[in-house]
Amino acid sequence: MITVKINGFEVKVEKDTTILEAANKIGIKIPTFCHDPRLRPHGSCRICTVEVKGGRNLPTACTTPVFEGMEVETESEGVVEARKEILDLLLANHPLDCLTCQQAGRCALQDLCFQYDVKESSYGGAKKEFEIDNSNPFYYSDQNKCILCGKCVYVCSQLQCTDAIGFAERGFPTHIATPFNQGLEESTCVSCGNCVSVCPVGALVPKSKEKFRYWETSPVRTTCSYCGVGCQMDLLVKDNKIVEIQPAMGPSNEGLLCVKGKFAYNFIGHPDRLKAPLIRKNGKLEEGTWEEAYELISSKIAEAKETLGPNSVAGLSSARCTTEENYLLQKLMRAVVGTNNVDHCARL
Amino acid sequence: MTNSIREVKKADAIFLTGSNTTENHPVIGAQIKQALKKGTKLIVADPREIELAKYADVFLKIKPGTSIALSNAMMNVIIEEGLQDKEYINEKTENFEETAKLVEGYTPEKVAEVCGVDPEDIRRAARIYAQAERGSIVYCMGITQHHNGTENVMSLSNLALLTGNLGREGTGVNPLRGQNNVQGACDMGALPNVYPGYQPVTKAEVVEKFEKAWGVDLSKEVGLTIPEIMHGAEHGDIKVLYIMGENPMVSDPDTAHVEKALKKTFLVVQDIFLTETAELADVVLPAAAFAEKDGTFVNSERRVQKIRKAVNAPGVAKADWVILMELMNKLGYNKEYNNPSEIFEEIRMVTPQYAGITYDRIDAVGIQWPCPTEDHPGTKILHQERCGRGVGLFMPVSYSPSGELSDEEYPLVMTTGRVLYQYHTRTMTGKTEGLNQKAPESYVEIHPKLAEELGINDGERVKVASRRGAIETKAKITDIVSEKVVFIPFHWAEGAANVLTNGSVLDKYSKIPELKVCGVKIEKLA
Amino acid sequence: MKSIQDLDRIRQKSLEKVNLRRNVEDANVEAEASGEGLTDGKPKDVLVCGGTGCTSSGCQKIINKMEIQLEKHQLKKEVKLIKTGCFGLCEAGPIVIVHPEGAFYSRIKEKDVEEIVEEHLLKGKVVTHLLFKGAIDGDQVKPIDEVDFYKKQQRVALRNCGLISPEDIEEYIAFDGYKALSKVLTEMTPEEAIDEVKKSGLRGRGGGGFPTGLKWEFTAKAEGDQKYVACNADEGDPGAFMDRSVLEGDPHAIVEAMAIAGYAVGADMGYVYIRAEYPIAVARLQIAIEDARKFGLLGKSIFGTDFNFDMEIRLGAGAFVCGEETALINSIEGKRGMPRPRPPFPAHKGIWDKPTLLNNVETYANIPQIILNGAEWYSSIGTEKSKGTKVFALGGKINNTGLLEIPMGTTLREVIYEVGGGIPNGKAFKAVQTGGPSGGCIPADHLDAAIDYDNLISLGSMMGSGGMIVMDEDNCMVDIARFFLDFTVDESCGKCTPCREGTKRMLEILERITEGEGEEADLNKLESLAKTIKNTSLCGLGQTAPNPVLSTLHYFRHEYEAHVKDKKCPAGVCQGLLQYLVIPEACKKCGICANKCPVNCIDGVKGKEVYVIRQADCIKCGACMAACPFKAIKKG
């Protein structure tokens with residue numbers, strides 16, 4: 001174990017721990033844009049810059065391992081000055097359209113400019129001018145808002161392993177692009193949206209059907225209902241509506257989702273949903289009450305049992321329903337109807 | 001899965017067969033690719049050159065339905081070259097000799113002809129898997145949906161036993177579950193032969209236990225499987241069919257036959273949409289979607305995870321568990337549950353694997369069964385100390401050709417599967433525009449040579465016919481498939497692949513239909 | 001190569017090939033005529049520089065012509081024509097040297113070839129009017145190594161450049177080539193080899209100045225089943241060509257050194273990362289690698305030991321940042337050339353995350369000499385903390401533009417005035433910029449500073465890879481800073497915020513200043529922004545990019561102030577601040593200026609009225625001033 005002092009507080013951590021991890025351990029928050037613990041540390045944004053006693057310059061907390069006796073200041077005058085300068089520089093090349101930006105409220109640039117009182121940039125000069133790529137059906141890529149933290153590129157290459165996007169050009173004109181700038185729809189992008197989920201600003205945003213602000217939503221942690229991977233995710237809910245889905249760090253998905261888990265939630269509040277029991281009358285399905293429906297079903301079951309016995313009734317359970325519901329259906333068939341005629345589509 | 005999902009990243013070699021992982025389990029597909037970036041070796045055996053085949057160290061483009069031959073040939077090579085884990089075999093398995101004898105006849109040269117691959121590739125694949133410190137077998141429906149699906153699985157587990165690739169991190173025999181809660185449905189005994197926890201309905205003490213728990217007398221007679229139920233319905237033996245959250249009109253083989261059967265019975269369908277199946281129902285019950293209720297799903301790695309209510313169900317729709325409970329009550333079985341956690345409490349009382357799992361314990365992170373007691377952490381890896389039954393049993397299995405071989409009238413082999421942008425019968429995904437834009441309609445993959453022979457151009461309408469029916473669909477010319485093999489994803493009701501598939505040939509153990517192989521012919525439509 | 005004896009045998013056999021170049025004879029002793037053929041009776045080696053500089057000034061034509069002439073005079077047996085690497089004095093190219101006299105012909109044209117052949121080769125008479133002007137003193141011909149440009153030099157890294165044919169492994173062997181490798185493999189343990197390098201005091205010549213021996217030791221001690229050695233030949237500083245010259249002139253030195261390094265750190269594979277813009281260097285290195293393989297100096301069981309080593313070339317696409325070691329490693333791996341954070345250092349996680357030793361070309365070029373002559377010899381050269389010699393590419397306002405190698409500790413003044421021959425046209429020296437585009441500008445006050453790593457840093461500059469650009473009174477230091485920053489802004493990889501965004505904003509401020517729109521507050525803004533960029537950038541490129549601005553602000557703040565306060569460019573360079581004015585008293589009303597003006601902004605009446613320039617329309621092209629026969633137009 002290595003002992004380090006951060007802002008005067010001692011903390012003991014394992015060898016190879018970074019300053020950021022050590023600070024997190026004792027609840028000291030160091031701001032980041034480009035850090036993601038799942039990625040190989042890349043140290044692009046430099047906002048997590050800290051002061052190390054005796055050090056030559058200001059190292060980044062996310063990439064610098066601790067050493068015995070290290071003394072770190074995370075909010076010293078020099079650090080704050082540097083962070084303000086970095087924010088100033090980022091802001092100089094970023095549209096100030098927070099009023100209408102979908103990301104407002106979830107934007108790390110907005111939050112940090114607020115924290116460090118950077119109201120506007122002190123620089124004029126060149127600004128990027130890119131066309132918005134809206135060719136993908138699920139999300140926009142607005143490079144004018146990109147702060148080049150690189151997370152989207154690294155998530156795509158290191159975690160999703162699709163390598164659909166990368167950095168194009170260099171220096172000031174650097175931007176995220178698909179090969180030959182052909183646009184997302186022509187690329188190998190599989191629309192998993194994992195880049196969208198990690199974008200700290202409004203450069204990659206879902207094509208949302210709803211108007212909402214993130215502060216109006218509340219997250220509900222749940223398990224994805226598509227395939228058997230069991231990805232964990234948060235449903236963002238506003239006014240009894242799911243407005244977005246964010247991946248969570250579940251043991252099987254580690255913060256990843258696929259196109260269906262991330263974007264295909266439209267069915268939940270879809271107008272075609274069944275809203276009332278339907279009962280076939282004169283060959284046509286017509287709305288009825290629960291009581292009517294239960295009455296009819298129970299009489300048919302009773303009739304079948306009476307004429308051909310309980311084995312003339314069968315139930316198909318569902319791999320789509322909960323464990324509890326599967327339990328109840330087989331219990332219904334076995335304990336109430338009296339048959340083992342229960343199956344489900346595991347085979348299909 | 002014997003092992004956990006993230007362990008694919010720890011494997012030194014992965015033998016992937018019958019799974020188009022990047023499309024059907026995309027998040028696992030991504031993790032396999034992460035492993036490859038770190039140097040894990042990959043063997044892919046599949047009738048189609050799926051995305052992962054491009055990254056494979058060895059890709060075996062096998063003919064549909066020849067998996068057992070391939071596994072046996074790989075075993076042949078491993079034994080021939082002395083690459084088997086002798087210590088593991090001696091200490092932890094039985095029936096090795098018989099299996100070794102059986103696979104003697106499966107030389108790479110012979111099997112290469114059966115599978116349509118290069119014998120050297122079989123050797124290379126066998127060596128890679130056998131020589132890996134940690135070898136993981138990953139498979140899916142491409143293995144199971146055959147007349148000999150169960151034996152296919154046995155042949156894969158033989159491979160794992162032979163090389164000692166079980167019970168350790170990064171190893172195992174790992175089926176990927178296609179649906180969110182197939183595992184849970186099976187665990188809960190939504191099967192005709194077992195109660196929750198895979199306790200046989202035929203075993204007296206089990207029946208006694210459930211009779212006591214539920215306070216009723218129970219049948220000791222094994223029930224009917226889906227194909228048998230359909231058959232029964234068609235012949236008037238099933239009077240009432242209660243279907244919860246399934247759409248056999250699209251998902252089951254030979255839909256013409258399914259329709260006939262469903263029309264003959266009193267059909268109750270409980271679902272969130274008016275599916276093709278619900279349209280045939282006598283009573284349709286509106287259910288809540290997963291985001292509208294509490295409960296648990298069990299994923300492929302046996303992890304019991306929570307789902308939570310986020311929004312209200314539309315109209316008077318109710319959660320499935322509420323409907324089932326109310327119907328039970330209506331039928332005279334008086335049991336009230338206030339919430340799913342009370343059902344779960346009952347489940348863990350009767351299901352030994354779940355005994356130690358509580359809602360509180362899985363609030364933040366799910367637990368993998370078996371979890372016998374409340375202080376048990378759950379089980380990441382099965383068969384660690386020893387196999388579940390004591391010692392691992394080699395099950396020598398022979399290759400037998402698929403039930404429906406192509407003949408002169410139906411000269412092509414059709415196999416089915418799924419695409420990334422749709423899910424199952426599209427009840428859910430069909431509602432998202434972007435997905436329909438990405439994958440709008442049914443199509444059939446045809447090899448360029450075959451297309452040329454038949455005079456078919458890319459994108460043209462074609463008729464595909466089998467002994468059971470015919471569909472119209474769009475031609476997609478691609479060399480992903482072999483010359484004599486065509487592929488149709490089954491999601492769409494228009495141009496539905498399952499009009500063609502064969503529901504009459506079933507696996508003798510699991511009764512799984514032979515969905516992955518059927519004989520078809522193709523003609524160009526004017 | 002099975003043994004040292006094999007190597008000795010080849011060396012003995014090859015010695016005669018190079019004998020004439022080993023013993024230089026006095027050219028002033030009149031040769032005696034001796035009948036037919038070669039009249040002075042002595043064979044000659046004619047060396048023609050085939051470096052990039054002389055190639056572009058037409059050396060191939062000279063070689064072709066020489067071939068024809070030798071054929072014509074039937075001299076092919078006695079005269080060997082050798083295309084060598086760079087002699088260093090590129091200013092004077094194309095260069096031809098004739099041995100054994102060491103006669104130094106400069107700026108040779110095709111038409112001069114005949115005379116050299118007929119007079120010098122045939123009759124033994126040095127053609128004095130074609131000699132480099134510094135190679136003749138009165139009527140005394142000075143051999144090349146006594147020419148001023150070379151006199152103060154000590155060539156260690158460049159020792160074979162311009163002396164041997166880089167495409168002939170036997171010539172390299174004749175000059176003790178691969179002897180160091182044989183010594184290391186058969187007489188030294190890896191630890192001893194590292195120790196020798198450590199004791200020599202050699203520091204990285206690529207810019208960082210990190211002790212080379214330590215780097216070797218770290219890599220040797222790092223754990224890994226596979227290790228690599230790599231050579232950074234991605235020389236990107238504008239005007240710098242130290243590494244190119246070594247690779248063009250003496251590629252085997254790099255092959256040998258890398259094999260030695262491989263043995264020392266436990267690597268069996270080497271990569272040379274070289275920019276594709278160096279086609280001659282790439283071709284010669286490729287030949288060297290292939291010949292070394294043929295001679296068994298690369299491959300399995302070198303010198304009969306169990307040491308295996310092979311190497312490959314990786315071509316860079318010209319990104320400056322790929323000279324940064326971690327970006328270079330990314331590029332070798334086929335990834336975009338962007339730096340990685342350090343730690344982990346390449347010694348622990350380099351190419352493919354394996355321990356990797358990365359040195360630059362010049363560093364490697366010193367290695368065989370250190371091994372052969374010993375650490376003590378090497379550390380006797382130079383200053384206390386900077387041992388050995390350093391190669392510099394001298395350019396800018398200097399008479400002897402070219403490549404030179406001097407012992408550490410030589411003063412800037414000696415380099416500029418003695419080796420470099422001073423400032424042309426009698427202009428006054430203003431500053432010298434060292435260390436490439438990220439170096440600082442050192443003013444005249446510090447001309448007597450001895451060149452070593454630490455002195456240069458304390459003067460606000462750095463050693464860098466060895467660029468040295470001289471500026472005279474006509475250079476505007478604000479404009480110079482803008483020029484260098486323009487380069488780094490273009491070459492920033494775009495990864496980290498301060499470098500990508502910050503250098504761009506600095507450049508914009510400098511552009512404003514040079515255009516006359518600067519404010520006083522801009523100077524403070526420049527300084528504070530420069531500080532953040534230095535302190536927070538990810539790699540050396542960003543951390544040093546503000547240096548030219550900071551050092552000029554420090555030493556030449558008055559020039560900046562003149563730009564922002566008085567709206568004047570003292571050197572008269574910044575066009576936005578310039579005015580061309582007609583001096584009424586001097587104007588002869590001839591009207592030539594008005595005729596020359598491309599925008600017709602000079603008014604006057606020929607013979608009657610003094611001409612006046614309409615400042616609002618003037619585009620400051622200077623045509624009027626150049627045209628005025630009476631020097632009646634001034635700029636200010």
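In this text, all values refer to a predicted model and were calculated from it rather than measured experimentally. Throughout, a chain's letter reflects where its sequence line sits, starting with A, and its residues are numbered from 1.
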Is there a side-chain contact (heavy atoms from CB on, under 4.5 Å) between A:E324 and B:T296 once you walk through the steps? CA-CA 7 Å; A:E324 292 78 359; B:T296 59; 3.0 Å; yes

Min side-chain heavy-atom separation A:N341-B:I238 under 4.5 Å: yes

Proximity breakdown for B:L267 and chain A, heavy-atom pairs closer than 4.5 Å: neither

Please classify the contact between B:N498 and chain A as side chain, backbone, both or neither, with a heavy-atom cut-off of under 4.5 Å. neither

Does some side-chain heavy atom of B:M244 sit less than 4.5 Å from a side-chain heavy atom of A:E325? yes

Contact class of B:D507 relative to chain A, heavy atoms under 4.5 angstrom: neither

Could you look at B:F266 and say if it's the side chain, the backbone, both or neither that has a heavy atom under 4.5 Å from chain A? side chain

Residue selection (most heavy-atom pairs with chain B, distance under 4.5 Å) from A:S298, A:S299, A:C224: A:S298

Flag the pair B:V298 / A:T323 as yes when at least one side-chain heavy-atom distance between them is below 4.5 Å, and no otherwise. yes

Which atoms of A:S157 are under 4.5 Å from chain B, going by heavy atoms: the side chain, the backbone, both sets, or neither? both

Do you see a donor-acceptor pair shorter than 3.5 Å between the side chains of A:R320 and B:N181? no

Between the CG atom in A:L328 and the CE atom in B:M325, the distance rounded to the nearest 0.5 Å is 8.5 Å

Can you tell if the side chain of B:T432 reaches within under 4.5 Å of the side chain of A:Y265, non-hydrogen atoms only? no

Part of residues 282-291 of chain A lying next to chain B, heavy-atom separation under 4.5 Å: A:L285, A:W290, A:E291

Counting only non-hydrogen atoms closer than 4.5 Å, does B:K37 touch chain A with its backbone (N, CA, C, O), its side chain (CB onward), both, or neither? side chain

Under the criterion salt bridge (charged side-chain N to carboxylate O under 4.0 Å, His left out), I'd like the reasoning laid out for B:E292 against A:R273: C-alpha separation, chi angles, the key distance, then a yes or no. CA-CA 13 Å; B:E292 297 156 356; A:R273 281 286 300 278; 2.8 Å; yes

Are any of the side-chain heavy atoms of A:S191 and B:Y421 separated by less than 4.5 Å? yes

Assess the side chains of A:K331 and B:Y333: does a donor N or O sit below 3.5 Å from an acceptor N or O? yes

Against chain A, label B:S4 side chain, backbone, both or neither, depending on which of its atoms sit under 4.5 Å from a heavy atom there. neither

If only atom types and distance count, is the side chain of A:S317 paired as donor or acceptor with the main-chain N or O of B:A190 below 3.5 Å? no

Per-residue contacts, residues 301-308 of chain A versus chain B, heavy atoms under 4.5 Å: A:I301, A:A304, A:L308

Considering only heavy atoms from C-beta outward, does the side chain of A:H344 approach that of B:M188 to under 4.5 Å? no

Checking heavy atoms, do the side chain of B:V316, its backbone, both or neither come under 4.5 Å from chain A? both

Bottom line for A:V313: the part with an atom under 4.5 Å from chain B's heavy atoms is both

OG1-CG distance between A:T322 and B:N180, expressed to the nearest 0.5 angstrom: 10.0 Å

Chain A heavy atoms under 4.5 Å from B:V311: which part of the residue, side chain, backbone, both or neither? both

Considering only heavy atoms, which portion of A:V342 lies under 4.5 Å from any heavy atom of chain B: side chain, backbone, both, or neither? both

Is it the backbone or the side chain of B:Q422 that comes under 4.5 Å from a heavy atom of chain A, or both, or neither? backbone

Does anything in residues 226-234 of chain A reach chain B? List residues with heavy atoms under 4.5 Å apart, or say none. A:Y226, A:C227, A:G228, A:V229, A:G230, A:C231, A:Q232, A:M233

Atom CG of B:D282 and atom CG of A:L296: how far apart are they, to the nearest 0.5 Å? 7.5 Å

Tell me, for B:V194 versus chain A, whether the close heavy atoms (under 4.5 Å) come from the side chain, the backbone, both or neither. backbone

What I want to find out is whether A:E185 reaches B:K438 closely enough, with some N-O distance under 4.0 Å, to be called a salt bridge. yes

Looking at A:G315, A:A276, A:G309, which has the largest count of heavy-atom pairs under 4.5 Å with chain B? A:A276

Counting only non-hydrogen atoms closer than 4.5 Å, does B:I32 touch chain A with its backbone (N, CA, C, O), its side chain (CB onward), both, or neither? neither

List in chain and number order the residues that pass side-chain contact (heavy atoms from CB on, under 4.5 Å) with B:E326, two or more places apart in sequence or in another chain; answer none if no residue qualifies. A:Y294, B:K318, B:V322

Is there side-chain contact between B:D187 and A:Y327, with heavy atoms separated by less than 4.5 Å? no

In terms of heavy-atom pairs under 4.5 Å with chain A, which of B:A233, B:G223, B:G236, B:G430 leads? B:G223

Between B:Y195 and chain A, with a heavy-atom cut-off of 4.5 Å, which part of the residue counts as in contact: side chain, backbone, both or neither? both

Is there a side-chain contact between B:L420 and A:V259 (heavy atoms, below 4.5 Å)? yes

Less than 4.0 angstrom from a charged side-chain N to a carboxylate O is my criterion; do B:E211 and A:R334 meet it? no

If you apply the rule side-chain hydrogen bond (donor to acceptor under 3.5 Å, both in side chains), what do you find for B:E221 with A:N311, and how did you get there? CA-CA 9 Å; B:E221 202 182 324; A:N311 286 342; 3.2 Å; yes

Under 4.5 Å from any heavy atom of chain A, what part of B:E23 do you find: side chain, backbone, both or neither? backbone

Taking side chain as everything from C-beta outward and backbone as N, CA, C, O, which of these in B:I229 sits under 4.5 Å from a heavy atom of chain A? Side chain, backbone, both or neither. side chain

Among B:L324, B:D320, B:L327, find the residue that satisfies the side-chain contact (heavy atoms from CB on, under 4.5 Å) test when tested with A:L329. B:L324

Tightest non-hydrogen contact, residues B:S219 and A:G338, listed as CB-O, 3.8 Å

CD of B:Q305 to OG1 of A:T223: how many Å apart, nearest 0.5 Å? 4.5 Å

Using non-hydrogen atoms and a 4.5 Å limit, figure out which bit of A:C321 sits close to chain B: side chain, backbone, both or neither. both

Taking side chain as everything from C-beta outward and backbone as N, CA, C, O, which of these in A:L257 sits under 4.5 Å from a heavy atom of chain B? Side chain, backbone, both or neither. backbone

From the list A:C258, A:A314, A:P277, A:A264, the residue making the most non-hydrogen contacts under 4.5 Å with chain B is A:A314

Chain B interface, residue from A:K241, A:M333, A:E295, A:K207 that has the most non-hydrogen pairs under 4.5 Å: A:E295

Select, from A:L256, A:L235, A:V190, A:T162, the one with the greatest count of heavy-atom pairs under 4.5 Å involving chain B. A:V190

Who wins among A:K300, A:Q160, A:R221 for the most heavy-atom pairs under 4.5 Å with chain B? A:K300

